[in-house]
Peer 1: 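My questions will all concern the structure given below.
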Amino acid sequence: MRKKAWVHQKKRDIEKHGKDAPWIVDWIEPNGKRKSKVFGPGKDDKKRADAFAMKTHVDLVSGNYETNRKEKWSQFMEKYRELVLNGLSSSNKEAAELALKHFKTFTGIVNMNQIGDEFVDRYTLKISERYSAATVNKCLRYLKSALRKAYRWEFIKRVPEIKMLRLEEKEKTYANDAQFKAMYNACNMAHLPNLPNVTPEQYWRALITFAYLTGWRISQIQSLTWDNIDLEDGTAFAPAATTKGKRDERIPLHGAVIQHLRPLQAAETHEVFPWVSGKRHLYTIFQAIQDKAGTSKCGKNGGYLGFHDLRRGYATANAENMDLFELQKMMQHRSLETTQGYVNMAAKLKNAASKVHVPDFLTADEPSTSQQ
């Protein structure tokens, strides 16, 4: 077998130094990079060079050879940005860039060989002193994804253990039928958007109806185009790029949704719900609608309901009407576990409601718009 590492003296060194020419070991790393190590000129140096060459040869043949490169974090980030981050959606790219920027800022990392279990633990401790557990976990997930690539690209020898922080279980808010009805009736106060042949009231009633009766995320709804709507067939197509599950989905639409979409065709726009006034104005008007509807204190921490509360309202209302797999498909969840969380929340709330004491003389009234 041809040796993977060999000992020699350079001709020019012999010509220049004679018997004092140093002994050199050369070898080729698994990644194709040629390496050298220089020893002294004596007999003992020759023995050390032979021993080193033999060990290196054995390690290379057996697959136990470990590179000793000091790759820079900046080099890894340049490659990661080119091959991974640039292929993400703008929101995911921005979040990943920020998370990895935090990692460099809080650790001062220079070389990739600094990364290990203790290094990551210290980073987690530092960042948790400034940010919430949810934000820390988000940063750690992006870091873990990056380090997995670093391992595949041989920037690091192994992926360190990354421990997520335990989150406190918080009760999530959601919109109920009474709150939706109040907001629906209050849509007549909206003054935007200015679309040809479509009133702001028609736009907003269609928007919140679509959200409440499909469970779609607001980002998906705003990216929906008429090309992906079949009003006759009663379906909407959700491209993989717009779903967290990263798969194409054709979702059936309720007749009430179709009824509210038809008037919007008169605007003759590419998007079903075009909005050019900026995200801030979208939420400002949604909050103004809630001020009139009396739902402005029904959301998280006694604040406004968000569009995601309409999505959670859909899940809670349909947890009993659909099986787990139907609900997962309709909500386009990547994980069945996420869908199960909504089902569990609905069951928990139903059980709690059934235990409430009601005096005999009281009868069921119209449900309140306030969250119980």
Side-chain angles (χ1 to χ4, degrees), residues 72-110 112 115 119-120 123-124 126-153 155-156 159-160 162 164-165 167 172 211 216-225 228 238-249 270-271 273-287 299-300 303-304 306-312 331-335 338:
K72 303 291 185 183
W73 172 258
S74 58
Q75 293 174 314
F76 165 70
M77 279 302 302
E78 183 179 353
K79 184 174 182 178
Y80 189 67
R81 189 174 288 111
E82 176 188 356
L83 300 181
V84 178
L85 296 184
N86 288 342
L88 300 178
S89 65
S90 57
S91 58
N92 279 333
K93 179 182 178 181
E94 183 179 348
E97 289 268 20
L98 182 60
L100 296 174
K101 181 180 179 181
H102 280 327
F103 182 64
K104 181 163 190 331
T105 301
F106 280 87
T107 63
I109 183 172
V110 176
M112 294 297 289
I115 298 174
F119 192 79
V120 174
Y123 162 68
T124 304
K126 286 181 179 179
I127 195 173
S128 62
E129 292 174 353
R130 181 171 298 187
Y131 298 103
S132 67
T135 300
V136 171
N137 286 347
K138 184 177 181 180
C139 289
L140 291 177
R141 281 192 290 270
Y142 280 115
L143 176 63
K144 187 174 184 179
S145 179
L147 294 184
R148 282 176 174 172
K149 282 292 185 183
Y151 172 72
R152 287 183 58 191
W153 294 339
F155 278 89
I156 56 177
V159 179
I162 297 180
M164 299 295 171
L165 300 186
L167 299 175
K172 293 182 178 179
W216 282 32
R217 300 173 181 87
I218 185 60
S219 58
Q220 279 186 286
I221 296 174
Q222 290 191 293
S223 65
L224 184 65
T225 65
N228 289 330
T242 68
T243 69
K244 283 195 173 182
K246 300 304 178 186
R247 56 180 178 267
D248 293 338
E249 296 281 9
H270 179 63
E271 294 86 9
F273 295 99
W275 187 267
V276 297
S277 301
K279 185 176 180 180
R280 183 172 64 87
H281 282 92
L282 181 76
Y283 283 85
T284 298
I285 294 179
F286 188 38
Q287 290 172 0
K300 184 178 179 181
Y304 291 101
F307 286 106
H308 215 76
D309 287 308
L310 296 174
R311 175 174 166 81
R312 283 193 286 264
M331 297 196 68
Q332 303 158 60
H333 283 146
R334 179 187 305 175
S335 168
T338 304

Peer 1: Between Ile156 and Phe76, does the side chain to side chain contact (heavy atoms under 4.5 Å, CB included) criterion hold? Intermediate values first, please.
Peer 2: CA-CA 10 Å; Ile156 56 177; Phe76 165 70; over 6 Å; no
Peer 1: Can you confirm whether more than 12 heavy atoms, excluding those of Lys79, are under 6.0 Å from its NZ atom?
Peer 2: yes
Peer 1: May I have the list of side-chain donor-acceptor pairs in residues 101-108 shorter than 3.5 Å, sequence neighbours left out?
Peer 2:
| unit_1 | atom_1 | unit_2 | atom_2 | d |
| --- | --- | --- | --- | --- |
| Thr105 | OG1 | Lys101 | O | 2.9 |
| Thr107 | OG1 | Phe103 | O | 2.5 |
| Thr107 | OG1 | Ile109 | N | 3.3 |

Peer 1: Within this structure, what is the CD1-OG1 distance for the pair Ile162 and Thr124, rounded to the nearest 0.5 Å?
Peer 2: 7.5 Å
Peer 1: Could you check whether any side-chain heavy atom of Tyr283 comes within less than 4.5 Å of a side-chain heavy atom of Phe307, counting everything from C-beta outward?
Peer 2: yes
Peer 1: Indicate every side-chain donor-acceptor pair of residues 139-150 with a distance under 3.5 Å to a residue at least two apart or in another chain.
Peer 2:
| unit_1 | atom_1 | unit_2 | atom_2 | d |
| --- | --- | --- | --- | --- |
| Tyr142 | OH | Asn92 | OD1 | 3.4 |

Peer 1: As a quick check of understanding, evaluate side chain to side chain contact (heavy atoms under 4.5 Å, CB included) for Ile218 and His308, giving each step before the final call.
Peer 2: CA-CA 7 Å; Ile218 185 60; His308 215 76; over 6 Å; no
Peer 1: Identify the two heavy atoms, one from Ile115 and one from Pro160, that lie closest to each other, and give their separation to 0.1 Å.
Peer 2: CG2-CG, 3.7 Å
Peer 1: Within the side chain of Asp309, is there an N or O that forms a donor-acceptor pair under 3.5 Å with the backbone of Gly306?
Peer 2: yes
Peer 1: Would you say CD of Glu78 has more than 12 non-hydrogen atoms from neighbouring residues, nucleotides or ligands within 6.0 angstrom?
Peer 2: no
Peer 1: Looking at Lys72, is its backbone amide N or carbonyl O close enough to the side chain of Gln75 to form a donor-acceptor pair, meaning the two atoms are under 3.5 Å apart?
Peer 2: yes
Peer 1: Examine distances only and state if a side-chain atom of Thr135 and a backbone atom of Tyr131 form a donor-acceptor pair shorter than 3.5 Å.
Peer 2: no
Peer 1: Can you give me the closest heavy-atom contact between Glu271 and Gln222, atom names plus distance?
Peer 2: CG-O, 4.2 Å
Peer 1: Please give me the minimum heavy-atom distance between Trp73 and Met112, naming the atom from each residue.
Peer 2: CE3-SD, 3.5 Å
Peer 1: In Å, rounded to the nearest 0.5 Å, how long is the span from CD1 of Ile285 to CZ of Arg280?
Peer 2: 10.5 Å
Peer 1: Please find the pair of heavy atoms, one from Ala238 and one from Trp216, that lie closest to each other, and give the distance.
Peer 2: CB-CH2, 3.9 Å
Peer 1: Could you check whether any side-chain N or O of Asn137 sits under 3.5 Å from a backbone N or O of Leu165, counting only pairs where one atom can act as donor and the other as acceptor?
Peer 2: yes
Peer 1: As a quick check of understanding, evaluate ring pair (Phe, Tyr, Trp, His ring centres under 6.0 Å) for Phe286 and Tyr304, giving each step before the final call.
Peer 2: CA-CA 9 Å; Phe286 188 38; Tyr304 291 101; 8.6 Å; no
Peer 1: Return the NZ to CG distance between Lys93 and Leu85, rounded to the nearest 0.5 Å.
Peer 2: 7.0 Å
